[in-house]
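Scroll down for the structure; my scribbles are underneath it.
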Amino acid sequence: MSDSLAARSWVAPANDPACGFPLDSLPWCVFCAADGHAHIGVGIGDSILDLHACAASGLLDGLSNELLAACRAEQLNPLMTLGHEGWRALRHHLRELLAEPTNAAAETRARRAESLLAPQQNAHFVLPATIGDYTDFYASAHHARRVGSLFRPQNPLLPNYRTIPLGYHGRASSIVLSGTPVRRPRGQRKGEDDAPLFAPTHALDYEAEIGFFLGAGNALGEPIPIFEAEDHIFGLCVLNDWSARDIQSWEYQPLGPFLAKNFATSISPWIVPLDALANYRVAGPERAPDDPAPLKYLHSPSASTDGIDLHLTVTLCSAKMRVAGMASLPVSHGNLCSLFWTLRQMVTHHVSNGCNLRPGDLLATGTISGPKPGSEGCLLEMQATRGALTLPTGEERRFLEDGDEVAISATAERPGQPRIALGSCAGIILPAHP
Ligand code: MN
């Protein structure tokens, strides 16, 4: 499917199979350029190619005026609006620009582009898009079952779970970029004598998820058939849906998550296109014999390639560990292919009633958990299966303490294929306001 093994870039670090930013990937980002403005870029090797500067210096000549204008924008929304044909045309052009030159003209272009590279290290990234709406799904049956068993031991998975890709409308205004500290929220929760009080949460948690940005959307009232759904996905990022479990358990009935989750959601700076993950597609989720078949509108014609083999790692580092110079502790590992519902099914279901998605909207999978201990995507599940976490300092964690840093990273890797990094989504907990 891909000529990745033969494709080499003149950006030498990109050719190291372990690098994570090979010529095949070219993830999008928005970063603060030397002139102080936000510029669109793509990751290659250890660098960012500045697309605004490329457009300004004629290196993107030959592309449509719409694409050139989108490359000069300060956010990715105009590019998202142009749809998958536009993104693919731009990626094809960038791939040729960044590939090892095979003639004198290409050599000249490569030399000019080399001066438009910025180092990834110490880059100041900014939110890649204006996010109009944010929706969080609940696509991991392992997560749903484990959390459900805490609240309803007799009936952990509700009957609708296996026929509806469940989700809720989240809050876009509090989505922040990786590295932004997260203030411990105050909220209404039950105190020790079950009397409600308003106080800082005592049960702050993370949720390891993959976010996916919508490109071209759909008109209000016009659903997207499942076979077209992936054409609308601009790319994937890593996402942390910070959650206050004590606030959540008090407020969630009957309308679902509200202030327990909308105080912050963190995302990684890179958006990796689905095309970059073409070599990591795997079969969609296997349904158990007693699972109902998906209803027709959710029945995918490409189930054999609807999954993505994408590995997630969560690490934790307490303030004490940082002071002692200790490395972050890996606390869990998950995989995107363990979900019950696919990205395609989530997009199709979301718009099946005619709800319109718009360029820059962000959807997320929900907590990605696997079946085994060690694959829990949040602390709530972890303490149910493994008890409190012991850190190398001897500290114990049931939930997050002030000063804790959570970092979630995702990567696709397989022998013989260059590694594709989605990067890291990190955040440190600040104390609640007094
Ligand atoms: Mn979530």
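Residues: numbered from 1 along the sequence shown. These numbers were taken from a predicted model, which means no experiment stands behind them. Below, all heavy atoms of this structure are taken into account, side chains as well, without hydrogens, waters or symmetry copies.
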Has the side chain of [X] got a donor or acceptor atom that lies under 3.5 Å from a matching backbone atom of [Y]?
| X | Y | answer |
| --- | --- | --- |
| S266 | S178 | no |
| E66 | S64 | no |
| S409 | G423 | no |
| D16 | P13 | no |
| D136 | G366 | yes |
| Y161 | Y138 | yes |
| T348 | Q345 | no |
| R287 | D291 | no |
| S268 | V238 | yes |
| H84 | I233 | no |

Non-hydrogen side-chain atoms of [X] and [Y] separated by less than 4.5 Å:
| X | Y | value |
| --- | --- | --- |
| E405 | L316 | no |
| I368 | H143 | no |
| L239 | L362 | yes |
| I44 | F21 | no |
| V282 | T305 | no |
| W242 | V406 | yes |
| R281 | L274 | yes |
| L236 | I271 | no |

Are [X] and [Y] close enough that a side-chain donor and a side-chain acceptor fall under 3.5 Å?
| X | Y | value |
| --- | --- | --- |
| T130 | Q75 | yes |
| E381 | S369 | yes |
| R419 | T411 | yes |

Atom [atom1] in [X], atom [atom2] in [Y]: separation rounded to 0.5 Å?
| X | Y | atom1 | atom2 | result |
| --- | --- | --- | --- | --- |
| L363 | D133 | CG | CG | 9.5 Å |
| L26 | H92 | CG | NE2 | 12.0 Å |
| L389 | L329 | CG | CG | 6.0 Å |
| Q188 | R186 | CD | CZ | 13.5 Å |
| S140 | L339 | OG | CG | 6.0 Å |
| S338 | K372 | OG | NZ | 11.5 Å |

Looking at [X] and [Y], what are the two nearest heavy atoms and their distance?
| X | Y | value |
| --- | --- | --- |
| P359 | N77 | O-ND2, 3.4 Å |
| P185 | L204 | CD-CD1, 4.1 Å |
| L158 | N155 | CD2-ND2, 3.8 Å |
| Y206 | L379 | CE2-CG, 3.5 Å |
| F263 | A244 | CE2-N, 4.0 Å |
| P292 | T163 | CG-CG2, 3.8 Å |

Test log, rule side-chain contact (heavy atoms from CB on, under 4.5 Å), inputs H142 and F340: CA-CA 8 Å; H142 303 294; F340 190 82; over 6 Å; no

Within 6.0 angstrom of R171 CZ, more than 12 heavy atoms from elsewhere: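 No, because the 6.0 Å sphere around CZ of R171 holds 12 heavy atoms or fewer from other groups.
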
More than 12 heavy atoms from other groups under 6.0 Å of OH on Y297: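 For Y297, atom OH is crowded (more than 12 foreign heavy atoms under 6.0 Å).
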
Residue pair N240, T265: steps toward the side-chain contact (heavy atoms from CB on, under 4.5 Å) verdict: CA-CA 6 Å; N240 184 347; T265 304; over 6 Å; no

Sequence neighbours excluded and cut-off under 3.5 Å, please list the side-chain donor-acceptor pairs for residues 116-125, or say none.
residue: Q120; atom: NE2; partner: G45; partner atom: O; Å: 3.2
residue: Q120; atom: NE2; partner: S47; partner atom: O; Å: 3.0

is_close_aromatic(H350, H169), centroid dist under 6.0 Å: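 Here the rings of H169 and H350 have centres that are less than 6.0 Å from each other.
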
Between F234 and W87, ring centroids under 6.0 Å: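 Yes - the distance between ring centres of F234 and W87 falls below the 6.0 Å cut-off.
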
Listed once per pair and sorted, the salt bridge (Lys or Arg N to Asp or Glu O under 4.0 Å) pairs that draw on residues 240-264, sequence neighbours left out: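 Pairs touching residues 240-264 that pass the test: R189-D246, D205-R245, E207-R245, E207-K261, D241-K261.
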
Identified side chain to side chain contact (heavy atoms under 4.5 Å, CB included) partner of S9 from the options D24, L97, L98: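 The residue from D24, L97, L98 that satisfies side chain to side chain contact (heavy atoms under 4.5 Å, CB included) with S9 turns out to be L98.
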
Sequence neighbours left out, cut at 3.5 Å: what donor-acceptor pairs do the side chains of residues 210-227 make with other protein atoms?
residue: N218; atom: OD1; partner: L357; partner atom: N; Å: 2.8
residue: N218; atom: ND2; partner: E222; partner atom: O; Å: 2.9
residue: N218; atom: ND2; partner: C355; partner atom: O; Å: 3.0

Derivation of the side-chain contact (heavy atoms from CB on, under 4.5 Å) call for L127 and I267: CA-CA 8 Å; L127 271 185; I267 59 170; 3.8 Å; yes

Listed partners of R91 passing side-chain hydrogen bond (donor to acceptor under 3.5 Å, both in side chains), at least two apart: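 In terms of side-chain hydrogen bond (donor to acceptor under 3.5 Å, both in side chains), with neighbours along the sequence ignored, R91 is linked to no residue.
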
Partner residues of D50 under the side-chain hydrogen bond (donor to acceptor under 3.5 Å, both in side chains) criterion, sequence neighbours left out: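 With neighbours one apart ignored, the set is H39.
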
Partner residues of R344 under the salt bridge (charged side-chain N to carboxylate O under 4.0 Å, His left out) criterion, sequence neighbours left out: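 If we apply the salt bridge (charged side-chain N to carboxylate O under 4.0 Å, His left out) test to R344, skipping adjacent residues, the hits are E230, D306.
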
Derivation of the side-chain contact (heavy atoms from CB on, under 4.5 Å) call for L312 and N335: CA-CA 6 Å; L312 285 87; N335 197 301; 5.8 Å; no

